[in-house]
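One structure is given below, encoded as structure tokens.
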Protein chains: 2
Amino acid sequence: MAAGASSTASPLPAPRGGGAVVPRLPRAVLERFSLYLRELEALHARGVTTVSSQELGRTLGLTPAQVRKDLNAVGPLGARGVGYRVELVVGALRRAIGTDRTWTLALVGVGHLGSALVRHAGFREQGFYFTAIFDRLPELCGRSIDGLVVQHVDELVPTVRRLGIEIGIIAVPPEQAQPVAELLVAAGVKGILNFAPAALEVPPDVQVVNADLGFFLEQLTHHIVSMPRR
Amino acid sequence: MAAGASSTASPLPAPRGGGAVVPRLPRAVLERFSLYLRELEALHARGVTTVSSQELGRTLGLTPAQVRKDLNAVGPLGARGVGYRVELVVGALRRAIGTDRTWTLALVGVGHLGSALVRHAGFREQGFYFTAIFDRLPELCGRSIDGLVVQHVDELVPTVRRLGIEIGIIAVPPEQAQPVAELLVAAGVKGILNFAPAALEVPPDVQVVNADLGFFLEQLTHHIVSMPRR
DNA sequence: CATTGTGAACAGTTTCACAGCC
DNA sequence: GGCTGTGAAACTGTTCACAATG
């Protein structure tokens, strides 16, 4: 699925130059925007052109009122008595999220997780392109993964800067996460996706999203041990 | 780091039989609990025995008041004028999160991401043990990854049931996520960690946590394009 | 006397109900 | 008639200020 999967329907409006400043969304709304986008892209691929807040809410487990409030946050997109035009909403959501354009990625840390991320096809389909990959170990440098040659981290700053890469992905052991983050910041990235279980300190104009895998399992075990029913 | 890293200090209190019902925590609090736990474990490993809400808040980027309110949610753990005893709080957080015991995992989908997860050492250190792994492709079955033999999904239900596995991890393409979820439910798992970009429908007594990787990049791009500064 | 625990004020989020429009 | 957009109400989570206390 995701952006790449087309079938009966015509392709979605081509990504335009993306650059307009969009208003910051509340965290809770942003999380649901990803859900909406995913589902609407699937509907579009199936040739569906229109959907109501009720239908959309039912398949995603949300109330119709919430769907309407959420979508309304990026402007009045719906038609009363009719519903929402799928194509229109997909475009508006992409603009709000920032995926109405493509992005280039630098990976640091070519371990098990790092290599899996580079090979993960879903990223490309969503418009995210790995453009340079780095590791500290000399024996990994020169090897090629999915068409990209692993470079030594010593080359990170000049390479990332030269290629204008905007997003760095950290997949190194926790002790090395902070120094790597500082290299990425020095190289001028605008955002960092951090898979290491470590709290990064970066300047306020660099955005960080943490995706520590252990954290998801902890969420799950809490839900399990705190369940009322069973 | 995580639970396994010991150094100067004595090991933390051994996991006890875990089974008491704990009160459900608000999502936001639970997220911060993982942060606190990580940081407190690191402090313990460095031999620190006591910490104030101010120090803890500073290193994690939170206000002291928030730290106190959060920790107080599992009972009065601190000593006025002194601070919090690291060891005591680690124990209380683990009980609240559910990681005061070990858990067994079943992986479904031995692609790039799936194999990386199985080999990810951090899970074991946190008390999460892969116990069975499955794939649909016959050519993968019989191969062994990190000491575990890949079984065919047809054997999922009896195997997971026989081994009493409580958590299933889905790392298959999105179209197959729902059928796999249904197998895991039939096999009696209590929770599912879902890496596929698909909204799963499961009975209310089965917990689901979604960890779609594309979603994190979308969060990041929104933060970048909606930045006030720069 | 430094530091927690906590009620009360504040901010953010979700739900509700219905007016407005196609 | 069906469905969106939206103010107001209800709820949840965060910040503040200070009394309580080891």
Side-chain angles (χ1 to χ4, degrees), chain A residues 23-36 39-40 43 48-93 96 219 222-223 226 228, chain B residues 23-36 39-40 43 48-93 96-97 199 219 222-223 226 228:
Chain A
R24 179 154 234 145
L25 296 167
R27 171 210 163 94
V29 175
L30 176 57
E31 290 192 9
R32 288 191 297 272
F33 267 28
S34 292
L35 289 181
Y36 298 143
E39 180 60 25
L40 290 166
L43 289 175
V48 177
T49 60
T50 281
V51 70
S52 71
S53 59
Q54 183 145 124
E55 293 172 77
L56 197 48
R58 193 170 27 72
T59 65
L60 295 175
L62 304 167
T63 65
Q66 178 141 72
V67 173
R68 294 200 298 275
K69 259 255 160 42
D70 283 346
L71 295 185
N72 204 240
V74 290
L77 299 170
R80 293 166 200 240
V82 180
Y84 296 88
R85 280 205 11 248
V86 173
E87 210 170 300
L88 181 73
V89 179
V90 166
L93 291 178
Q219 257 188 254
H222 172 74
H223 287 146
S226 70
Chain B
R24 177 154 235 146
L25 297 166
R27 170 212 162 93
V29 175
L30 176 59
E31 289 191 9
R32 288 191 298 272
F33 267 27
S34 291
L35 288 180
Y36 297 143
E39 180 61 24
L40 290 167
L43 289 175
V48 177
T49 60
T50 280
V51 69
S52 70
S53 58
Q54 182 144 128
E55 293 171 77
L56 196 49
R58 193 170 27 71
T59 65
L60 295 176
L62 303 168
T63 66
Q66 177 140 73
V67 173
R68 293 200 298 276
K69 259 256 160 46
D70 283 346
L71 295 185
N72 204 240
V74 290
L77 299 170
R80 295 167 199 240
V82 179
Y84 295 88
R85 278 201 17 246
V86 173
E87 210 170 299
L88 182 72
V89 179
V90 166
L93 290 178
I97 293 173
Q219 256 188 254
H222 173 74
H223 288 147
S226 70

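Each chain gets a letter, A, B and so on, in the order the sequences are listed, and its residues count up from 1. Model, not experiment: these values are computed from the prediction.
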**Item:** Student check: side-chain heavy atoms of A:F33 and A:V74 closer than 4.5 Å
**Value:** yes
**Prompt:** What about A:K69, does its side chain sit under 3.5 Å from the base of C:dT15 through a donor-acceptor pair?
**Reply:** yes
**Asked** Can you find a donor-acceptor pair, distance only, under 3.5 Å between A:R80 side chain and D:dT4 base?
**Response** yes
**Asked** So, does A:E55 use its side chain to make a donor-acceptor pair with the main chain of A:S52 at under 3.5 Å?
**Response** yes
**Message:** Please check: side-chain N/O of A:H222 versus main-chain N/O of B:A96, any donor-acceptor pairing under 3.5 Å?
**Reply:** yes
Any side-chain N or O of [X] under 4.0 Å from OP1/OP2 of [N]?
X	N	result
A:S53	D:dT4	yes
A:R27	D:dG13	no
A:Y84	D:dG5	yes

Could you tell me the separation between the [atom1] atom of [X] and the [atom2] atom of [N], rounded to a whole number of Å?
X	N	atom1	atom2	value
B:L30	D:dG13	CG	P	12 Å
B:E31	D:dG13	CD	C1'	13 Å
B:L71	D:dT14	CG	P	13 Å
B:Q54	D:dC16	CD	P	13 Å
A:L77	C:dC21	CG	P	18 Å
B:E55	C:dA2	CD	C1'	12 Å
B:L62	C:dT4	CG	P	14 Å
A:L25	C:dG12	CG	C1'	14 Å

**B:R85 atom CZ, neighbour heavy-atom count above 12 within 6.0 Å** = no
Report the nucleotide, chosen from [options], that has the shortest atom-to-atom distance to any side-chain atom of [X].
X	options	result
B:Q66	D:dT14, D:dT4, C:dC16	D:dT14
B:P26	D:dG13, C:dT15, D:dC16	D:dG13
A:N72	C:dT4, C:dG5, D:dG5	D:dG5

**Request:** Would you kindly compare A:G81 and A:R68 by the position of their nearest DNA chain C nucleotide and give the one closer to the 5′ end?
**Result:** A:R68
**Prompt:** When you match B:P76 and A:R32 each to their closest nucleotide on DNA chain C, which lands nearer the 5' end?
**Reply:** B:P76
**Request:** Take A:Y36 and A:V89 through the test side-chain contact (heavy atoms from CB on, under 4.5 Å) and record every step on the way to the result.
**Result:** CA-CA 9 Å; A:Y36 298 143; A:V89 179; over 6 Å; no
